Amino acid sequence: MKKNIPLAIVIILGFIFVGWTFIPAKWMQDDFYTAFLEFTKTMSPFAVFLGIYSLVSMHYNRIRRKVPKWGYSYVTLTGLVVTATLGFVYGTQAGTPVQWIFRNFMMPISATMFSLLAFYMATAAYKSFRARSIEATVLLVAAIIIMLGQVPLGMAISRSWPINILDISQWIMDVPNLASKRGILLGVGLGSVATSLKILLGIERTYLGGGD
Amino acid sequence: MNFIKNLQGLDRRYVFVFIAVAIIMPLIFPFNSLTYTTTPVENLYQLIDSYSPYVRADDLNGDGIISEEEAIAFKQDRAIFMDFFHDASTMPELFPMEVAVMRHCIYRRVPFFTFTIMEVAAPIIEEAISVVTDEIQKTGRVIERGKDYINIGYKPPALYLPILLGMGDDIAAAVETDTDGNRIENLPMYRDTAIRNYTQMNLVYETSGSDQGLSWMIYARSRFGVNVGVGLTAVMAADQYPYLQSGQCVGMTAGLKGAAEYENLVDMFAMNNLTFSKGQLDNPTEAMMANLDITSDTVPTKFKMARLGMNAQSVAHILIIVFIILGNIGYFLEKKKQNKNL
Amino acid sequence: MHKNRNKSWLSVILCLVALNFSFSLFAEKITVENAKIENFVVEDVPGDLGSGLLLKWKPLPNELKILEYRIYRGITPDSLFYSGSVMLNPVVGFAGEEISFLDSGFKPFVDKSSPGRLVVDSKVKPLDEKTFYFGTANNGYPRDLEVLAQANNKFSLIAQIEKGVYYSRYEEVTLDEQLFAGYPLGNVSVLARVRSGVEYFYSVVPLNETRKYLRPSEVVSGTPISDPLQKPARELYSNLIVDGSTPISLNFDWENATGSYSSQAAIYVFDDELEVTKSYFEATEENPYQGKEPFILSLDPQINEYGKFSQPIISENGAYFLKNEDSQLMIDLERIEDYQVVIQADNGQTLFLKDTPNSRYQSIQTASLTDLPQVPTFNVYDVPNDKGDTQIVVWEKPLVEITKTSFHEKLGKFLIVNYDYYDYQAETLKSFDLKLTLEGQEKPFYETDEFYLDNVIKLAVPDDYDNNTITAEIIIKTNNPDTEPYTLYQNLKFDKILKALIPSAIVKNNIALNSFNYEVYAKEGSPQYVTVAGKVVGKMNNYSDVISYERFLYESVIAFDPESGKVLVPGDIQVWYDGKTEKSLNLSKFASVSKEKIATEITTVEEEIAQITDPKHKERLENYQSSLLALQTELNNNISNRKWIGIVKNHRNNSLRQKSYKVFASNNRGLFTSYELPLNEDGSYQYFTPISNQFDYDKLAGLLASIIFAILVAVYVNLAKKGVDLYIRPIAGIQEIDNAIGRATEMGRPILFVPGMSSIGVVATLAALSILGKVAKKAAEYDTRILVPTRDFILMPIAQEIVKEAHIEAGRPDTFDKNSVFFITTDQFAYVAGVNGIMIREKTATNFYMGSYFAESLLMTETGNITGAIQIAGTDSVTQIPFFITTCDYTLIGEELYAASAYMSKEPMILGTLKAQDYFKFIILFFIIVGTILSTSKITFLLDFFPEK
């Protein structure tokens, strides 16, 4: 029973989605589906509560148990309380403290995290592009051509060649790259249809919480 | 030998340091690197150039050159329309190209409209306009709002499609007022010219970090035959190639590289009041070359932002390529040694 | 570039600090305390008939970092209500000399988000004690009818009422002995616009970047003026249409001025000098008109809407006349260019043909009948497979247009021709032949049959080609077997500046298509055609008319009535429109009033029937009368208001969504032809209603594929259940999962499982969760800690449940720690920072990354690499796969992610689906190969069967 009712809900709602896909009529698209969608919105507030509860309880435990670097948990909890309080008191419009925090803390910190990508990409490229096998060599050569196509040096080199390096890099992107991408996407599409079908038919039930 | 072998097990922190230096140094110490222009950028530049009164006006005194007076006397019959569809997060890539295109328009006296449906982009438009006009006004030329350009500014997204389609008939009726509340038909750029709709406003240049340019191709291009050019972040550029190929998109500036190329073209031709020519591009004159020197003060810093950034990007790219090659040499040497030992 | 952004942020902070210092050093500068708005004026907007005011003021210095100027408006100078704002970017500031705010058009006035009672905006510090500023951050007027009643008659008000509310929530309210429908204020949104002749008071309050309110401006007043229009029309054209030497008609074509609320009253044709003609309009009793009498054509509202009229020329005894009930004028064809044409508006203003801006058209032009546009097709189609809110008006066959050409000089000289095509669902372009001929030659140098429409044709130009003009001949074949192939022409001429061949306009039947525009008119719910699309360019062959389902209804607000506590709107309602008799039935929202009204309506119709002689018309009216009588019977049954409005709603839904169309093809210079739909057999107009379709046939292929796939699954699941051994290719990544968990156990360190960046609604996340179930079970068996940080708070409890169940199944419920599955944050990079922190602090031995990922994948895996963990990733995000492959030990690519849980469970049901999936791939492969072969040999039925999107 604990599993059957949720399963029934999933299956019924799943078939409604199927109907929504194939039936363009107004009764399905507007009257039924749109009204239905409103319900899903009610789920979020409860989940937010759960999320906050989880965050607080985890960090509270960390502080209580004095696990290594527990001091940072204070930072997290302070951030949560301060931002939320400021938001409730002053609102979230432009010019309020919340926006100030967002612009002066969130944005630079996020940008810093994102800029790490440049460094990681460099090391990743350095480590992995080795001509270990024929496939790896192909990958290596393609990578160098594409990168050369992005910088003036590549253009300078290719001016003296009969074939433009930009054309080659474009060809690599358009033909082999696109072909493999499509192959993967085809598999992904089919896999996701299969997974959806498994859920719709009740074969796959992990999402209901463990067990098979 | 040992050095190369050590490279194999190089600590990643050294790589980090190299990359940091490679990115920071070119920004602090600018240097001249070659910027080759690509066809999509050239196409966009050429099209805007072909709208210039310096190309279209009648040579009244018959001296074979369109003088400034002749260009001013010419009744404008072409304009471009710029749609800003991005927020501050993509500004590093898109802002330099917006500045470059506007600068091109102002040097070549091509009237332009600026427009956005994103509230956050309205200040970006103002900033781009002030960057360009402030610098050019220092040279003594007066640039007037409403005469050299019209800033339509922010319009609500709900009006996007109605405006987009309405401009096929009459821009004054479609947008009604500019950002300052002036009616378009009272502004000199509309009142004293032949610019009415897409027939004259024949290029829409849309800058975005998404595929928003598509809506111009689908609605404005297919119905009214307007040319659509796009300015995109480098990440989005690949998606745009099919449209370049099919001709639905006339030109593109992609990422910092596209912006740098456009800056270069503006410095070579527009700044010297020359018409674009492919031949001259390969054999530039001394005057053209002088403007290209980004280490000198000929061109204000604000107008070479993309090339400065591009230097950093190029050096980092080359450094990575060098690392890959060195890494491979080390790998082969090691393998050779292992084979010998066997 | 992101480094750059960091730098700029740093500089912004530094600048702010520096600014603070500079403020304290030079205190005499303009400060937040003493800043004052100057040059604040309120002006009428000229030429808008009193519907707007323009506010202008000098912006405060940019150093003050102004964020917003809030506008307060009132009908008395002492109480002002918030009514809108101008937002600025405080970092950039404002460059111009003047900031303006246009108060025109309908803007939100009061709705359910408004405060319940009058709120004084306490942050504003008024300049004097008598002035009050009301409102909250986003609203001005409160939902208090006592306060709102002051606005009655001071604004133009419109109520926006949701459909459900509109038909159910009104009550009868009597005001000044009239009956109105009253709606509760909480259920309607009211919009307002300023009215001409009313004095409004304004004040502007600046806010700086910390939302500190600066000193408000003085209160300034302004009154919208209903100013007269300068000209009745913008342009006027007139054309004499002749068939050989016989005149057929005199055409008039004018464009009404924009924003014009006056209408054109009459057109005059004079056979006189311009000066004499002018005196006609200046004539008084003392100073009467001396010239010849003109021909006068009175214009009705319908003709006003079209801006076009064709007056037939009557031939009598070899002379030609313009003739109607009012006047007549003999036409001398020789001197037709000397005739004067004048259009007069109902406010008395005139426009002479001589004053038309375009000098070429300042006299009557003569044109031949053959110059008029000919339209081959005119019909209306419903759009298939839709909700039923669009229909297409079609007036021309599908077209192909060459839009651009470019030369490509590599390994020979090539020309790339780009084309576009315009068709519509009812008749689509099947293929076309393109023939290119050099100027002066007869034989085309290039011919092709373009059957796969990819917008591009690449061809080799002859060796001796030297930028000559090329003629392109395009022969079009459509999917309609009854349509004969037809030909279009375009010239490709070399342009020196663009260095490309520039295509000319499309020529069909010797007429350049761009010389005409189309104007589409439709009527619904009224006998008058109104424009739905003006000036559709010549090459467009159809117009999609969207007839939306009503969501909101709009009614003008009569008054805010504090006594009844309602917003009052008119009690009238249009019940139906009868297209056959062109009659609109207007009754009341109240049954009692409707009863009286319908009785009058029936009497009127009866009288009309008595006078009619045409039997068809009579029959239509009698039908109409019987439906009125039926409605009356229902009303006489003493039905309740609620039941009555239910009946009205049904009638409205059915009859107000039908439309009839008319199209003008026009050069906007006096040459035009109108196209109307043929009448029905009973002589009535044809009306069309879009159909709400029950099945989307575009998705038929998708449905069939799904069914076939489901059958395959059923077959293989059954086979698997019967114990048939199904072979599945081993995948390294999955086989390594066990070892990876074992490694963590050996090292005594925890396992990290990242379930992707997406929410529970994404299939990849679900696949990740099923893998989590398996991994957690193994981990529980080995007694190894598993950490699951989530980015989605809905996902968290589900993941918790899964891990808990896994522990129970493994027989180790005691080892389950609820805090091992936790929520970090929804922010992308903050989440990455959190996960990276866990890797470094906890020194996780094995990291799993399953699900969908965006730009952050490398940031996590590279950190995992640094900490030396074994990493197994699985994702369907194609762009992130390279990053995972380079940094992880094993990667499940695309569908392997979905297959992983099947591998690990070895359960027949799931193995069956996997096998079915493999066989389905064969089917896809088959179609790809067959499709390629068929399409290459120009057989496209298979291609057409599959939808494009």
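This structure is a prediction, so every number in the text was calculated from the model and none was measured. Proteins come first, then strands; the chains are lettered A, B, ... in the order of their sequence lines, and each starts at number 1.
Under 4.0 Å is where a charged nitrogen must lie from a carboxylate oxygen, and between K777(C) and E805(C) no such pair does.
Contact annotation: the side chain of I893(C) never approaches that of D876(C) to less than 4.5 Å [non-hydrogen atoms, C-beta and beyond]. For the pair N385(C)/Y697(C), a side-chain contact is recorded, criterion being any heavy-atom separation below 4.5 Å from C-beta on.
For Y53(A), the part lying under 4.5 angstrom from a heavy atom of chain C is the side chain only. Only the side chain of M106(A) comes within contact range of chain C, judged by heavy atoms closer than 4.5 Å. Of the two parts of D827(C), only the side chain, counted from C-beta on, holds a non-hydrogen atom closer than 4.5 Å to a non-hydrogen atom of chain A. Interface remark: I23(A) contributes backbone and side-chain atoms alike to the contact with chain C (heavy atom separation under 4.5 Å). With a 4.5 angstrom heavy-atom cutoff, T21(A) touches chain C via backbone and side-chain atoms both. Contact annotation for I199(A): only side-chain heavy atoms (C-beta onward) come within less than 4.5 Å of a heavy atom of chain C. Within the 4.5 angstrom heavy-atom criterion, only side-chain atoms of K69(A), from C-beta onward, approach chain C.
Proximity to chain C at a heavy-atom threshold of 4.5 Å picks out L185(A), L186(A), G187(A), V188(A), L190(A), G191(A), S192(A), V193(A), A194(A), T195(A), S196(A) from residues 185-196 of chain A, in numerical order. Along residues 56-63 of chain A, the residues that come nearer than 4.5 angstrom to chain C, judged on non-hydrogen atoms, are S57(A), M58(A), N61(A), R62(A) in order of number.
Contact tally against chain A (heavy-atom pairs below 4.5 Å) for L859(C), V878(C), V717(C), I794(C): the top residue is L859(C). With respect to chain A, the highest number of heavy-atom pairs below 4.5 Å among L766(C), T210(C), D386(C), T887(C) belongs to D386(C). With chain A as partner, the option from Q694(C), E896(C), M796(C), R841(C) having the largest number of non-hydrogen pairs under 4.5 angstrom is Q694(C).
Remark: K387(C) is not positioned above the aromatic ring of Y549(C), lacking an NZ or CZ atom under 6.0 angstrom from the ring centre and at most 45 degrees off the axis. The cationic group of R132(A) does not satisfy the cation-pi geometry with F129(A), failing either the under 6.0 Å distance to the six-membered ring centre or the 45° limit from the ring axis.
Two rings, from Y74(A) and Y72(A), have their centers 6.0 Å or more apart.
Classified by interplanar angle (parallel below 30°, tilted 30° to 60°, perpendicular above 60°), the ring pair F22(A)/F695(C) is parallel.
The two residues S169(A) and I146(A) come nearest to each other via the heavy atoms O-CD1, 3.6 Å.
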